[in-house]
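Okay, structure first, notes after.
Counting starts at 1 for both ligands and their atoms, in listed order.
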Amino acid sequence: MKIVVVGSGSIGSLYGAFLSRFENTEVILVGRNPHVSAIQSNGLKIKGILGDHVFKLKAMKYASEVDEADLVIVTTKTYDTVTAAKSAKHLIDAGASLLLIQNGLGTEELVAKALNTTKVLRATTCMSAIRTSPGVVTATGCGLTEIGSRYHENYELVETLSRMLKKVGFDVRTSENIEGVVWTKTLVNCGINPVGALTGLSNGEVYRNPALRGLIVRLVKEAVQVVEALGIELTTEDPVRYALGTAKATGDNINSMLQDLQAGKRTEIDAITGEVIRLAKQLGIETPSSEAVYVLVKALESKYLEEGGELAETDILEIDDLVEAITG
Ligand code: PAF
């Protein structure tokens, strides 16, 4: 199988590297310099809890340089998903399938529509990794990968990829309820991520603070109202306990939203809390705590981003709603 990983940061590099161990599998990483040039010169180095390895992989800056593939894996941030998938359009048009491994809601539908394809698979991951220097990725957490597709024609490939990832040592589960899987993970992110991002605390520090734990409970409960109104079946019976349990279990983690702010990058708040607020508004559900953390994260985002305040503007909340959300 020929696999192209578009958006090969830490997570994409990790999946690509281990998949390349599978026999008859070629993996090409598409990413940015200086990561790509370091991989071209010295190979991709993986360190951390999965051990020390060097993978000799092809790495490129543009998907347009690849002439054929069976699978395109997109591991970009949610807001770059459609652009990344479009950069591999020639491969999709020639028959390649797409696998999105990321946080957040709604990306499969966006990509399916933009590229006019139903060969779209989705995975959520509790693996965590950071790029410690160009060409070097350190695995920091080794959790479950759940994989599935809204489009049943992709089921054979879902099973094949699950088998491959299991064989190279990943903890993988397939699901016929990928929407429920994605929502369940999103509820965890709705609870933990903005709270860690706004306080600058690790997941464990957030968990150990009773007031912040209380805020996680409120955020998850607000999102659960949306899930119930949409009739989505979660993969846990107790999402609040699940979110708190994840905060505790990933105690040393600096959550991805906080990592983004610390790196001066845009966060994924729009595809997480923002999407919950958008749907809640359509459904007539009140989400005051979510709205408050949303505007605060957007404000920090715009402070850290070079572009200045532009990203703080949102079409989800009117200015009166923003004031209301903050002042109660
Ligand atoms: O986004 C993240 O950081 C992760 O999804 C999680 C599970 C919250 C752990 O930090």
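- Of all the listed residues (L258, N255, T246, N203), N203 holds the heavy atom that lies closest to atom 9 (C) of ligand 1.
- Under the 4.0 Å criterion applied to side-chain N and carboxylate O atoms, E205 and R208 are not assigned as salt-bridge partners.
- For D252, the CG atom is loosely surrounded, since the number of other residues' heavy atoms within 6.0 Å does not exceed 12.
- Between Y155 and H152, the ring-plane angle classifies as parallel under the 30° and 60° cut-offs.
- Of all atoms in ligand 1, listed by their number and element, those nearer than 4.0 Å to a heavy atom of N193 are 1 (O), 2 (C), 8 (C).
- By the 4.0 Å heavy-atom criterion, Q259 is excluded from the residues contacting ligand 1.
- Counting heavy atoms of neighbouring residues, nucleotides and ligands inside a 6.0 Å radius, atom CD of E156 does not exceed 12 of them.
- Under 4.0 Å from ligand 1, the heavy atoms of K185 that appear belong solely to its side chain.
- Of the protein's non-hydrogen atoms, the one nearest atom 1 (O) of ligand 1 is S256 OG, 2.6 Å.
- With salt bridges taken as basic N to acidic carboxylate O contacts below 4.0 Å, none links R278 and D270.
- Comparing heavy-atom distances from atom 5 (O) of ligand 1 across N189, T267, T186 singles out N189 as nearest.
- Here's the thing with T250: none of its N/O atoms is less than 3.5 angstrom from an N/O atom of ligand 1.
- Screening I285, V226, V224 for a side-chain contact (heavy atoms from CB on, under 4.5 Å) with V276, the sole residue that qualifies is V226.
- Taking distance alone, with nitrogen or oxygen atoms compared against 3.5 Å, T125 stays at or beyond that limit from ligand 1.
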